[in-house]
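Step one of this worksheet: look at the structure below.
Source: prediction; values computed, not measured. Letters A, B, ... mirror the listed sequences (proteins, then strands); counts begin at 1.
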2 protein chains.
Amino acid sequence: MAKRPLPSARPLDSFDREILRIVQQDNKTPQRMIAEAVHLSAAAVQRRIAAMEQAGVIRRNVALVDPDALAVSVTAIVEVFLRDERTASIDRAKALFRATPEVQQCYYTTGGTSFVLVILTQDMRSYEALTRSLFSDHEWVASFRTLVALDRVKADTSIVIP
Amino acid sequence: MAKRPLPSARPLDSFDREILRIVQQDNKTPQRMIAEAVHLSAAAVQRRIAAMEQAGVIRRNVALVDPDALAVSVTAIVEVFLRDERTASIDRAKALFRATPEVQQCYYTTGGTSFVLVILTQDMRSYEALTRSLFSDHEWVASFRTLVALDRVKADTSIVIP
DNA sequence: AATGAAAAACTACACTA
DNA sequence: TAGTGTAGTTTTTCATT
């Protein structure tokens, strides 16, 4: 449940988009500097940011941490195939993946595959253990296919500490 | 080239990890509150955060934006297969994917697949156009397989504005 | 849009493990 | 020596006009 239609009072104008572009790269940028860059007053920038946070356009403000620094060495992309695609099965799977911190990302997809997950773990042992509790232990998972990332070429994601 | 071993002056202690856990969820949390939570002074927290930013443990501080708010409606997970896996081919591919803003994430992987990409575009038309310039136009791409996300179940990623 | 008050971030310095 | 806490300074945020 709970998608995010949200009041969405006003559509974003080009000022909003410019502000977003900046805070997406560095949300510690002083509003004073943002103001200068987009040619608005600092107060206006502040109100727009507050409004966008309120409206859910800005979801969260976070520090992006290097996984290596946390000794998280395994990045796996996993395709998961469910035995059936009834709503109940899908919802159950979504709930499980959402509740599992090692599952950093989860997409429900077309194309035969049911889900694609991005999983981070400390090492291969814990990855193997995780796959057991996530997949092998459930009869409603038909199969899964793991791709281990040798290089995180581009991956600015908000990781969750293990 | 250019991995990120980095001076890595000191290994993270449990204070650092606690601080990270907090700023990963909300990097606007006042240092005063963080200090209270981890039982340190605000100044100590400030110094530790600065040190971790310096050391690259904290990569960036960003606002996470809802893709829907930016009318980015297509999320695709793409497996890319290269014709050959020589270093030069791989590096060329990495460079291309890194330089393409719509490619939000890129992993180089084991398991037959060469790369897994997460791509965001406005709509299907622009996705189709993008695949042409990314894949079809290059003879060194053997093939690719697209999985379109019907639901971004879990995806707290720092997206790039189109 | 500009001013001013409140709060947060940062700095200097003395102290302690 | 490396790191902390206190206290004082600067900068940013936020509310009011």
Side-chain angles (χ1 to χ4, degrees), chain A residues 6-66 68-71 156 158-162, chain B residues 4-66 69-70 156 158-159 161:
Chain A
L6 266 178
S8 174
R10 46 199 139 298
L12 305 178
D13 62 15
S14 63
F15 286 117
D16 291 320
R17 264 188 279 271
E18 260 307 308
I19 292 169
L20 284 180
R21 192 188 308 264
I22 293 170
V23 296
Q24 266 181 320
Q25 272 177 318
D26 181 1
N27 72 349
K28 295 283 186 52
T29 311
Q31 298 170 346
R32 167 162 168 44
M33 286 188 203
I34 299 174
E36 188 167 315
V38 304
H39 305 296
L40 278 178
S41 72
V45 170
Q46 173 185 316
R47 269 178 281 120
R48 281 166 181 268
I49 289 176
M52 290 192 284
E53 281 171 349
Q54 184 64 28
V57 173
I58 295 177
R59 277 252 201 67
R60 295 159 64 207
N61 287 287
V62 303
L64 299 184
V65 174
D66 181 1
D68 293 334
L70 296 167
D156 278 348
S158 160
I159 75 168
V160 174
I161 285 200
Chain B
R4 183 183 313 86
L6 265 176
S8 176
R10 43 202 142 294
L12 304 177
D13 63 15
S14 64
F15 285 117
D16 291 320
R17 263 187 278 271
E18 260 308 308
I19 293 169
L20 283 180
R21 192 187 308 264
I22 294 169
V23 296
Q24 265 182 322
Q25 273 178 315
D26 181 2
N27 72 348
K28 294 283 186 50
T29 310
Q31 297 171 346
R32 157 145 182 56
M33 286 187 203
I34 300 174
E36 191 167 311
V38 304
H39 305 295
L40 278 178
S41 72
V45 170
Q46 140 78 13
R47 284 187 291 251
R48 281 166 179 270
I49 290 176
M52 289 192 286
E53 282 171 347
Q54 185 63 31
V57 173
I58 295 176
R59 275 250 196 69
R60 296 159 62 206
N61 287 287
V62 303
L64 298 183
V65 173
D66 182 1
L70 297 167
D156 278 349
S158 161
I159 74 169
I161 288 201

Between atom [atom1] in [X] and atom [atom2] in [N], what is the gap in whole Å?
{"X": "B/Glu53", "N": "C/dA9", "atom1": "CD", "atom2": "P", "result": "12 Å"}
{"X": "B/Leu12", "N": "D/dA2", "atom1": "CG", "atom2": "P", "result": "18 Å"}
{"X": "B/Leu40", "N": "C/dT16", "atom1": "CG", "atom2": "C1'", "result": "15 Å"}
{"X": "B/Asp16", "N": "D/dA2", "atom1": "CG", "atom2": "P", "result": "16 Å"}
{"X": "B/Asp13", "N": "C/dA17", "atom1": "CG", "atom2": "P", "result": "18 Å"}
{"X": "B/Met33", "N": "C/dA7", "atom1": "CE", "atom2": "P", "result": "11 Å"}
{"X": "A/Ile49", "N": "D/dT12", "atom1": "CD1", "atom2": "C1'", "result": "12 Å"}

Does the pair B/Arg48 and B/Asp13 meet the rule for a side-chain contact (heavy atoms from CB on, under 4.5 Å), with working shown? CA-CA 10 Å; B/Arg48 281 166 179 270; B/Asp13 63 15; 3.0 Å; yes

Over all heavy atoms of both residues, which pair between B/Ile58 and A/Ala63 is shortest? Give the atoms and the distance, please. CG2-CB, 4.0 Å

Kindly indicate whether the side chain of B/Arg47 and the base of D/dG5 share any N or O donor-acceptor pair separated by less than 3.5 Å? yes

Please list, pair by pair, any protein nitrogen or oxygen found under 3.5 Å from a nitrogen or oxygen in nucleotides 13-17 of chain D.
{"from": "D/dT13", "atom 1": "OP2", "to": "A/Gln31", "atom 2": "N", "distance (Å)": "2.9"}

For side-chain contact (heavy atoms from CB on, under 4.5 Å), just list the numbers for B/Asp16 and B/Val57, CA-CA rounded to whole Å, side-chain angles, deciding distance to a tenth of an Å, and then say yes or no. CA-CA 10 Å; B/Asp16 291 320; B/Val57 173; over 6 Å; no

Do A/Val38 and A/Ile22 have side chains that approach each other closer than 4.5 Å (heavy atoms only, starting at C-beta)? yes

Side-chain touch A/Glu18/A/Ile34, heavy atoms, less than 4.5 angstrom: no

Please confirm whether the backbone N or O of A/Gln24 pairs with a side-chain atom of B/Arg60, one donor and one acceptor, at under 3.5 Å? yes

